[in-house]
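Residue indices begin at 1 and follow the sequence shown. First listed ligand is number 1; within each ligand, the first listed atom is number 1. What you see is a predicted model, and the numbers here were worked out from it, not measured in a lab.
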Amino acid sequence: MTDNKDLLASVSNVSTDTEYFSPIPEGYIKGKTKYVIVLGTVMSGLGKGIFSSSLAKVLKDKGFKVSPIKLEGYLNIDSGTLNPFRHGEVFVLDDGIECDMDLGTYERILDQDLNRHNFCTSGQIYRDVLNKERHGEYLGRDVQMIPHITGEVKLRLRRLAMESDADVVFVEIGGTVGDLENAFYIEAMRELAYEEGEGSSCFVALTYILAPKILGEQKSKAAQLGIRNLMEKGIQPDIIACRADCEVTETVRQKMSVFSNVPLEHVFSMHDSKSIYTIPEMLRESSIDKIVTKVLRLDERIDEELEAKNTKQWNKFTSKIGEYDSEITIGITGKYTTVRDSYASIIKAIEHCETALSVKVRIKWIEVTDITSDEKAAAFLKDVDGIIVPGGFGTRGTEGKVACIKYARENNVPYLGLCLGFQMAVIEFARNVCGIKDANSSEIKTKDSASVIGVLPEQKKIEKLGGNMRLGGRDVEVKTGTFAWKLLGEKESVRLRFRHRYEVEPDYIKSLEDHGLVFSGKAPGHPIMQILELPGHPYFVGTQSHPCLTSRPLRPSRMFLGLIAAARLRKYPDKGYPEVLDAVNDVFSEGL
Ligand code: GLN
């Protein structure tokens, strides 16, 4: 490869006459940050995000600072307006960005907060290029896919490198090689690798080895053609990771190697494993991490002591996965119950608790639109040990949720209400305890009802949709001495993540409190209620936030832990399990 120092020196952020347009942020040091680029071939849905985040984790464990970025093909600016039914859960980052659920996978596996720089869509790239064009930044030039759109992608990555001060940026390209909508990302990666120079990038192709039942053997042709497609685009993969049900045979790996100029020891089997959390260890055992550090010339900088410590801690956690001494059932009411991905973070938060408390949690999905009466709620919920009413939008299914909450409150069934589930708990309490029969949310019913839940003052002026709710991480002031205060580790302030437009109407707070509802968390300096509890009930907690978004394998959400511990006590009152607060505190004192 030719030295391209002069080439980079000659280009800048603004238009020039040269064809070598490649914007470099001021202060960027070429070669300082390395790039691992993960692409998919054959098909999507193979867990590229899980693979990429696990690989990033393995490098992080070695002492490298990592920062991931997901390059999405779609034109939406963010995921805020996407229907979870179509695209899975909308994940929210601390800085308020609404993004793809894969970013949640990165945060959980890396145990690291991400921000807007870690998420990029085609829409953002086009928007930025068109804005620059309108501001005359390309004056005199015809603005083109190459070099301007690809230049913008490279600019993003280099900015991320600088902003995060990462040693290694992990780039995950959405979709598969061959998708028209991702083609410019792939071209941008080819250009980036060339410009950054040898030893700066490592291309990992994640492919799929078919094993049709009628043949009874693994077939690699589709995978070979996928890699060829990538090579036709000027990218020589450094590593091929073969996804498959069962371990990929040596013969198949050899075929892949011969076909793609990738040495056999760089072709790996990434077959299904019992838990996504065991993938980092699988990568380490296969030595894929060593190939990455070799390609990126990082071998000398590995902190082996730190790696041993981190690996030990992680493996202690994974060794406990599946080790249960009890089993409970949690009912989750929702509208999107046919698509599990729409509740991905809730499922993950429950998984973290399962391992921490050694209790198997069966989830009973309750299609809430089917619940049209208190009797139906009782019939659906009679065999559950705890109930979660998750977040949601709009009217459909809300009456069913109120009926479920009433059942939980009256029958001492542990309850956790998340966002809409918090608001519905307030409505249920207002109706059935305070006697405000027509209590509702103004999101649901605007006329002739008592809006105990109303639109946030800052939201009243907003008309258009997209990125304008109360979003992201906020500090929550916790009332000393309350159950929530004890549950959350006796802290006066906790940080939680939000995504809502409505709140408890301040005018009703006093009446609700007078009737026994306790608001144990609120926004500092504002009468925005954020945590509620019901004294005398074994576990009745609601929060305007989404604690599932910040639950991490080694640091599970305390609100979820509380629910599971309470549900376990309800199911096994005589088995000597600790009380809720003790059970939660034990998790943190023992260290996972
Ligand atoms: N629809 C409610 C609101 O906007 C709840 C939002 C949610 O559950 N994420 O406030």
Side-chain angles (χ1 to χ4, degrees), residues 78-85 87-94 96-99 101 104 332-337 341-346 349 368 387-402 404-405 415-428 430 439-446 449 451-474 476 496-506 508 519 521-523 526-532 541-551 557 559-560:
D78 58 35
S79 309
T81 53
L82 296 183
N83 182 346
F85 205 70
H87 200 78
E89 161 187 88
V90 177
F91 198 81
V92 185
L93 301 178
D94 190 76
I97 284 294
E98 296 171 289
C99 60
M101 56 189 269
I332 305 183
T333 66
K335 284 202 298 191
Y336 313 108
T337 49
D341 271 1
S342 42
Y343 296 113
S345 290
I346 294 181
V368 83
I387 299 171
I388 294 176
V389 173
F393 293 85
T395 308
R396 202 166 66 87
T398 47
E399 285 307 314
K401 289 180 187 180
V402 170
C404 291
I405 297 167
Y415 174 71
L416 179 61
L418 307 171
C419 205
L420 187 67
F422 163 91
Q423 297 174 356
M424 291 292 123
V426 171
I427 292 169
E428 191 281 320
N440 219 322
S441 161
S442 58
E443 180 182 11
I444 296 160
K445 210 162 180 220
T446 42
S449 62
S451 296
V452 294
I453 304 294
V455 80
L456 284 157
E458 71 221 40
Q459 295 288 328
K460 286 197 173 124
K461 306 175 282 294
I462 298 171
E463 272 161 18
K464 63 178 196 294
L465 293 176
N468 56 22
M469 278 185 267
R470 184 166 179 274
L471 286 166
R474 309 276 170 133
V476 176
L496 292 164
R497 283 202 200 156
F498 292 84
R499 182 172 188 248
H500 67 122
R501 193 169 276 125
Y502 297 83
E503 61 161 338
V504 179
E505 194 58 66
Y508 286 97
F519 288 110
K522 64 184 268 300
H526 296 278
I528 307 179
M529 300 302 115
Q530 315 206 297
I531 303 174
L532 65 73
V541 173
T543 173
Q544 187 64 82
S545 70
H546 297 266
C548 44
L549 298 179
T550 39
S551 183
S557 155
M559 290 192 190
F560 276 79

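Listed by chain and number, Gly391, Gly392, Phe393, Cys419, Leu420, Gln423, Glu443, Arg499, His500, Arg501, Tyr502, His546 each place a non-hydrogen atom less than 4.0 angstrom from ligand 1.
Side-chain N or O atoms of Ser557 include none that pairs as donor or acceptor with a backbone N or O of Ser551 at under 3.5 Å.
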Walk me through it: do Gln423 and Thr398 pass the test side chain to side chain contact (heavy atoms under 4.5 Å, CB included)? CA-CA 10 Å; Gln423 297 174 356; Thr398 47; over 6 Å; no
Phe560 and Ile346: CA distance, side-chain angles, deciding distance, side chain to side chain contact (heavy atoms under 4.5 Å, CB included) verdict: CA-CA 9 Å; Phe560 276 79; Ile346 294 181; 4.1 Å; yes
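At a threshold of 4.0 Å, the pair Arg499-Glu98 counts as salt-bridged, since one of the basic side-chain nitrogens sits closer than that to a carboxylate oxygen.
Rounded to the nearest 0.5 angstrom, Glu399 CD and Asn440 CG are separated by 6.0 Å.
For Ala344, the side-chain contact (heavy atoms from CB on, under 4.5 Å) criterion is met by Glu89, Met101, not counting sequence neighbours.
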